[in-house]
There are 2 protein chains.
Amino acid sequence: MANKWVDCGGMETRGAPRRLRGAATWLLGQTTIHAHRLVSDALGAVDARRYHYSLMAALDEFGEASQADLGRRCGLDRSDVVATVNELADKGFLERRPDPADKRRNIVSITPSGMAHLRHLDRVLGQAQDALLAPLSVAEREELVRMLNAVLEHHG
Amino acid sequence: MANKWVDCGGMETRGAPRRLRGAATWLLGQTTIHAHRLVSDALGAVDARRYHYSLMAALDEFGEASQADLGRRCGLDRSDVVATVNELADKGFLERRPDPADKRRNIVSITPSGMAHLRHLDRVLGQAQDALLAPLSVAEREELVRMLNAVLEHHG
DNA sequence: GCCGGTCGTTGGCATGGCCAACAAGTGGGT
DNA sequence: ACCCACTTGTTGGCCATGCCAACGACCGGC
């Protein structure tokens, strides 16, 4: 859903206090706001959310898994995994079947239709990311990713 | 309030899908989560929030202003400015007086006690930011800030 | 067979960011 | 002088996000 920031070009954060404009934490937050908007709008246009992509990407990469495993992989709470798997299963992108070897677990797997949808989301998100990082060169983007990874690993 | 991520070092997002780990938007989001936690915890320890700092920084830099102006400067909704000014005025950090030249407006100004508090928050936030960016060299931090500013300006 | 721990699931809660509506007030046009 | 569009402060509410607590079912080791 496009909102004020998207519609009319946003507030004049250009005139924000220098203390904020100079603080990396604030810059990160502001940039993430834009990223979230671009991504959410892009995903919303195909009736998807962030969690959808996370789970399906994990299933594609690691193969079928239990819901708890999926949650750990993606950093989602178990309860949120339930809701997200429900949504995706309703659309036919995921399948949920009981694990015969452990009756507590559900084995979640991605369907062919889900794979197609995932690739579609890949393209959609790629465009959103390009839009976000438009002013940065390829080298700069790699540098940015490298630094963010360093920070995350340090706090991992 | 420290929570799970802070307490036990966070989930194993190290094992997150490569599609996520490689996406700048996701990395930004994850990094911002850590930044938010560090900042919120640091501010919470002195009974403050993000909005507090934004408003007081704006008042310090630009001098007294109406609430609507403050909101535009900092990118806050008018209604959120009301609540934040209430909190800060209750603590004696801000003063609100009617504008004689325009009876619709309130003129908000920062008090000496507010200035002292602002400087305290400056130190607290500086530490939080240092903690966040610990693995980056000074040159890298400047590069990061430069790139984020470029992105923000492009979308400004 | 018991017990600590894990699983899926439900329900709820706090926060943040936003929007809508309102009365009071302003300024420009006529 | 009046009207009209607009702004301002304020209240109230909405919804998505990220959590946490508790439950019954179930597992594994002792």
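For clarity, every value in this text was computed on a predicted model and none was experimentally measured. Here is how names work: the chains are called A, B, and so on, in the same order as the sequence lines, proteins then strands, and each is numbered from 1.
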In whole Å, what is the span from the [atom1] atom of [X] to the [atom2] atom of [N]?
{"X": "Asn106(A)", "N": "dC26(D)", "atom1": "CG", "atom2": "C1'", "result": "13 Å"}
{"X": "Asp102(A)", "N": "dT6(C)", "atom1": "CG", "atom2": "C1'", "result": "8 Å"}
{"X": "Lys103(B)", "N": "dG25(C)", "atom1": "NZ", "atom2": "C1'", "result": "9 Å"}
{"X": "Glu87(B)", "N": "dT15(C)", "atom1": "CD", "atom2": "P", "result": "11 Å"}
{"X": "Asp41(B)", "N": "dG18(D)", "atom1": "CG", "atom2": "P", "result": "17 Å"}
{"X": "Arg104(B)", "N": "dT8(D)", "atom1": "CZ", "atom2": "P", "result": "6 Å"}
{"X": "Asp77(A)", "N": "dT9(C)", "atom1": "CG", "atom2": "P", "result": "13 Å"}
{"X": "Leu76(B)", "N": "dC18(C)", "atom1": "CG", "atom2": "P", "result": "9 Å"}

Query raised in the report: Distance-only, no hydrogens or angles: does the Glu140(A) side chain make a donor-acceptor pair with backbone N or O of Ser137(A) under 3.5 Å?
Result: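 Checked: pair present.
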
Requested in this report: Check every strand shown and say whether Arg78(A) touches a base, only sugar-phosphate, or nothing at a heavy-atom separation below 4.0 Å.
Outcome: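 The answer is base, as Arg78(A) lies within the cut-off (heavy atoms under 4.0 Å) of a base atom.
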
Query raised in the report: Side-chain contact, heavy-atom cut-off 4.5 Å: Asp122(A) with Tyr53(A)?
Result: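 Sidechains of Tyr53(A) and Asp122(A): in contact.
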
Query raised in the report: With sequence neighbours left out, which residue pairs that include part of residues 92-145 of chain B fulfil the ring pair (Phe, Tyr, Trp, His ring centres under 6.0 Å) condition?
Result: Phe93(B)-His117(B)

Query raised in the report: Considering heavy-atom distances to DNA chain D, does Asp69(B) or Ser79(A) have its closest nucleotide positioned more toward the 5' end?
Result: Asp69(B)

Query - Contact under 4.0 Å: Arg96(B) side-chain N or O vs dT8(D) OP1/OP2 - result: no

Report task. Could you tell me whether the phosphate oxygens of dC7(C), OP1 or OP2, come under 4.0 Å of any side-chain nitrogen or oxygen in Gln67(A)? Result ->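 Gln67(A) to dC7(C) OP1/OP2: no side-chain N or O under 4.0 Å.
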
Requested in this report: Show the numbers, then the answer: is there a salt bridge (Lys or Arg N to Asp or Glu O under 4.0 Å) between Arg73(A) and Glu61(A)?
Outcome: CA-CA 11 Å; Arg73(A) 288 272 186 204; Glu61(A) 181 170 338; over 6 Å; no

Query raised in the report: Are Leu76(A) and Ile107(A) joined in one hydrophobic group, where the rule is that I, L, V, M, F, W and Y side chains link up if heavy atoms are under 4.5 Å apart?
Result: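 As far as the 4.5 Å side-chain criterion goes, Ile107(A) and Leu76(A) are not connected within one cluster.
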
Query - In one Ile/Leu/Val/Met/Phe/Trp/Tyr side-chain cluster, 4.5 Å: Leu55(A), Met115(A) - result: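 Yes, Leu55(A) and Met115(A) fall within the same hydrophobic cluster.
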
Requested in this report: Kindly state which residues belonging to residues 45-58 of chain A come within less than 4.0 angstrom of DNA chain D, counting heavy atoms of the residue only, listed by number.
Outcome: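 Contacts with DNA chain D under 4.0 Å: Arg49(A), Tyr51(A).
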
Report task. Give the nucleotide from the list dG9(D), dT10(C), dC18(C) with an atom nearest to the side chain of Asp80(B). Result -> dC18(C)

